[in-house]
Every structure is written in C-alpha cells, then in structure tokens.
Q: 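Structure provided below as structure tokens; questions to follow.
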Amino acid sequence: MTMIEIAVQDVAGARIAKEEGADRIELCVALGATGGLTPSAGLIAACAAIGVGGDDGGVQALIRPRAGSFVFDDDEKAVQLADVRMAVHAGASGVVVGGLTRDGVIDEPFAAALADAARRAGRETGRDVQLVFHRAFDMVPDRDAALETLIALGYTRVLTSGGAPRVPEGVGALHDLAVRASGRIQIEAGGGLTLESIAATRAAGVDALHMSAKRLVHSEGGPGGGGGAPIEVTDRETVRAAVEAAHR
C-alpha cells in the first residue's frame, strides 16, 4: 500500500480527505493561482481537529509567503520561521518548506533553520514534527546532491515530480530517487499526478503520492468581493478513486 496525501484548502476538503481514507493532507491556500501559500492559524487548527490519518498523517502545513521564486530575502525568511512555529502550535503535524540560493541549489542554512524552528516548536508542544521539502527541489541542477543534503538535515520527505513538469513525465527520475533514498527519506510524488498515472507512479517505488483532487465551482462575489469567480474545492469522487488506486 502506498500512502496518499491530498492537498486541500479548507475544512470541507480536510473532512472529505478523512472520510474517504486519505493518509494525510497538505494544507495551503490559493493553490491554483499561486501553487499554494501559507494557511492561517485558524484554518490549521480547524483542519487538525478533524484528525486525518494515523501517526504519519495529520495536517502538513505549507509555509510559503508568496508566489514566484523560491529565493527568499531575510524578511521573507524571518516570516517563514515564525510561520513554522505558528503552524505547529496551531496543530500541524508537519510543515512543508524550502528555499533556494541564487545559484539554484538548496539554501542549506535556511533549510537548517526551518528544521530547527519546527523541532523547537515540536518540543514546546510535545509532538514530533514531520519536515517536508517542497517542489523547490525540482528546480535544483543536481537532485542526488540535494537529496543527500536533506537527509543530512533530517528531513522526513521530499515532494517531487522528479524534476519534470508533471509526475507522469518524471516517473523514471522518481524511481532513481527512490532507489537512492533507500528508506533514508520518503519520496513523495506530486505535481500533475492524475488518477491514470497512479499505477505507474507506484511502480516506480515511491513512498507516497500527493494529489490536489480539486475542481472549480462558481461563487458570487458581493461588493468588494471581486464579482463572480470560480473557486477551488476538493472533489470527493476524485479523492475516493485516488485513495482506492493508492491503497490497492
């Protein structure tokens, strides 16, 4: 059985993930528009109370202050370090973090500081905190070296498409990463994963799958609300099918 994580943006999505048997959730906001940004403390707490998954489950809170480059200045780094502590104290079981240098490699001092902040918050709350490096990993020129860096820093897993635009095109690289990881860090395949590509991705030997399972619905915006616009919601049928395909 391969674990599956569903990316959700609200309490309803977290509830669907739990009811359909997902192993954990990644929680963020503005997923479609930006690739995901940091959720609020209130949203983290409400989703954590739902209780998705077991010991390796729960809420994995994305910590990302803005869209665009993964190269952060000192102010942006300080915000993320504070948000890591906020997320863990709000009830997150893990944090999804990352950053790169201007040369395109992992910002190792920042990655270490993020890990330290998460572990310190974990000690303060009496919980072990999972450390996940997000898809900034897919932008580095040497993924093998980057993987070894994350292992040395004690990260729990890395979310990756194998460096490809989408998981289906990165299956070969995902297999190579899984072999190199050899149980030292979890390889979680995410980014453009579809129901049709789950079987081949599982066969690559990854530890877990990551899927948004979202659809658009129309929402009426009132004065100051931007007018009518589509919003993203978690699709129950897609989650159900994904969980079945991952767990079979």
Side-chain angles (χ1 to χ4, degrees), residues 1-28 31-32 36 47-48 50-62 92-94 96 128 130-135 137-138 143 147 155-216 232-248:
M1 184 182 82
T2 306
M3 298 188 72
I4 184 159
E5 172 182 281
I6 304 297
V8 306
Q9 303 180 74
D10 52 28
V11 178
R15 190 170 290 115
I16 288 171
K18 177 182 173 63
E19 291 170 354
E20 298 302 331
D23 297 295
R24 56 181 173 249
I25 61 172
E26 180 189 89
L27 183 63
C28 65
L31 179 58
C47 291
I50 290 171
V52 181
D55 292 340
D56 198 26
V59 172
Q60 312 296 303
L62 178 64
S93 299
V96 185
D128 290 332
Q130 299 166 53
L131 285 163
V132 188
F133 199 90
H134 55 48
R135 287 190 65 207
F137 179 86
D138 288 321
R143 288 186 296 276
L147 195 70
Y155 273 68
T156 309
R157 62 181 165 273
V158 57
L159 176 62
T160 175
S161 60
R166 300 167 64 254
V167 165
E169 290 86 47
V171 167
L174 286 165
H175 169 74
D176 293 343
L177 285 168
V179 170
R180 184 174 188 90
S182 187
R184 295 178 297 159
I185 189 172
Q186 295 175 11
I187 304 299
E188 182 170 71
L193 181 70
T194 63
L195 293 174
E196 295 75 19
S197 61
I198 286 178
T201 307
R202 289 184 65 196
V206 298
D207 301 292
L209 306 170
H210 169 98
M211 191 175 191
S212 66
K214 66 183 187 294
R215 62 183 173 87
L216 294 176
E232 296 167 338
V233 299
T234 302
D235 184 74
R236 183 181 293 275
E237 286 70 29
T238 303
V239 174
R240 181 180 299 150
V243 170
E244 180 182 351
H247 287 178
R248 69 165 51 117

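Residue numbers run from 1 in the order of the sequence given. The figures here come from the full heavy-atom set of this structure, side chains too, leaving out hydrogens, waters and symmetry mates. On a predicted model such as this, the values are computed, not experimentally measured, just so you know.
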Q: Is there any salt bridge (Lys or Arg N to Asp or Glu O under 4.0 Å) pair reaching into residues 196-215, and which pairs are they, with sequence neighbours excluded?
A: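 Listed once each, the pairs are R215-D235.
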Q: Starting at CD1 of I25, measure out to SG of C47 and round the result to the nearest 0.5 Å.
A: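 Reported to 0.5 Å precision, the distance equals 5.0 Å.
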Q: Are the side chains of R157 and M3 in touch, meaning some heavy atoms are under 4.5 Å apart?
A: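 Of all side-chain heavy-atom pairs linking M3 with R157, none is under 4.5 Å.
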Q: Would you sort out whether S161 and V167 count as a side-chain contact (heavy atoms from CB on, under 4.5 Å), showing the intermediate values?
A: CA-CA 5 Å; S161 60; V167 165; 4.1 Å; yes
Q: Looking just at side-chain N and O atoms, do E232 and Q9 make a donor-acceptor pair shorter than 3.5 Å?
A: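 Indeed, the side chains of E232 and Q9 share at least one donor-acceptor pair under 3.5 Å.
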Q: For H210, what residues pass the ring pair (Phe, Tyr, Trp, His ring centres under 6.0 Å) criterion, not counting sequence neighbours?
A: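 By the ring pair (Phe, Tyr, Trp, His ring centres under 6.0 Å) rule, H210 matches no residue at all.
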Q: Measuring only between side-chain heavy atoms, which start at C-beta, is I187 closer than 4.5 Å to L147?
A: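 Yes, close enough: below the 4.5 Å cut-off.
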Q: Which atom pair, heavy atoms only, marks the closest approach of R135 to P165?
A: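 The pair with the smallest heavy-atom distance is NH2-O, 3.6 Å.
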Q: Would you name the heavy atoms of R184 and R180 that are closest together and state the gap between them?
A: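 Residues R184 and R180, closest heavy atoms: NH2-O, 2.9 Å.
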Q: Where is the tightest heavy-atom contact between F133 and Y155, given as atom of each residue plus distance?
A: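 Distance-wise, the nearest heavy atoms are N-CD2, 3.8 Å.
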Q: Is a side-chain N or O of D23 found less than 3.5 angstrom from the main chain of G57, in a donor-acceptor match?
A: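 Such a contact is absent between D23 side chain and G57 backbone.
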Q: Is any side-chain N of the basic residue among E244 and R248 closer than 4.0 Å to the acidic one's carboxylate O?
A: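 Yes.
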Q: Do the non-hydrogen side-chain atoms of E20 and I6 ever get within less than 4.5 Å of each other?
A: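 They are not in contact (no side-chain heavy atoms under 4.5 Å apart), so the answer is no.
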Q: Mark yes or no for whether S197, through its side chain, and L193, through its backbone, hold a donor-acceptor pair below 3.5 Å.
A: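 Side chain of S197 to backbone of L193: no pair is present.
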Q: Could you tell me the separation between the SG atom of C28 and the CG atom of D10, rounded to the nearest 0.5 Å?
A: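 If I round to the nearest 0.5 Å, the distance is 10.0 Å.
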Q: If you apply the rule side-chain contact (heavy atoms from CB on, under 4.5 Å), what do you find for M211 with T238, and how did you get there?
A: CA-CA 10 Å; M211 191 175 191; T238 303; 4.0 Å; yes
Q: What heavy-atom pair brings L31 and A7 nearest, and what distance separates the two atoms?
A: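 Closest approach of L31 to A7: CD2-CB, 4.2 Å.
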Q: Roughly how far, to the nearest 0.5 Å, is NE2 of H175 from OG1 of T201?
A: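 One finds 13.0 Å between OG1 of T201 and NE2 of H175.
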Q: According to side-chain contact (heavy atoms from CB on, under 4.5 Å), who are the partners of R15, at least two apart in sequence or on a separate chain?
A: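 Residues passing side-chain contact (heavy atoms from CB on, under 4.5 Å) with R15: V11, E19, I50.
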Q: Report yes if the side chains of L159 and E26 come closer than 4.5 Å at any heavy-atom pair, otherwise no.
A: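 L159 vs E26: side chains touch.
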Q: From R240 CZ over to L195 CG, what is the distance, rounded to the nearest 0.5 angstrom?
A: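 Rounded to the nearest 0.5 Å, the CZ-CG separation comes out at 12.5 Å.
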Q: Does the pair R24 and E188 meet the rule for a side-chain contact (heavy atoms from CB on, under 4.5 Å), with working shown?
A: CA-CA 12 Å; R24 56 181 173 249; E188 182 170 71; 2.9 Å; yes
Q: So, for V243 and G21, which heavy atoms are closest and what is the spacing to 0.1 Å?
A: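 Looking at all heavy atoms of both residues, the closest pair is CG1-O, 3.7 Å.
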Q: Identify the heavy atoms of T234 and G13 that sit nearest to each other, and give their distance.
A: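 Taking T234 first and G13 second, the nearest heavy atoms are OG1-CA, 3.4 Å.
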Q: Can you find a pair of side-chain heavy atoms, one from V8 and one from L27, that are under 4.5 Å apart?
A: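 In contact.
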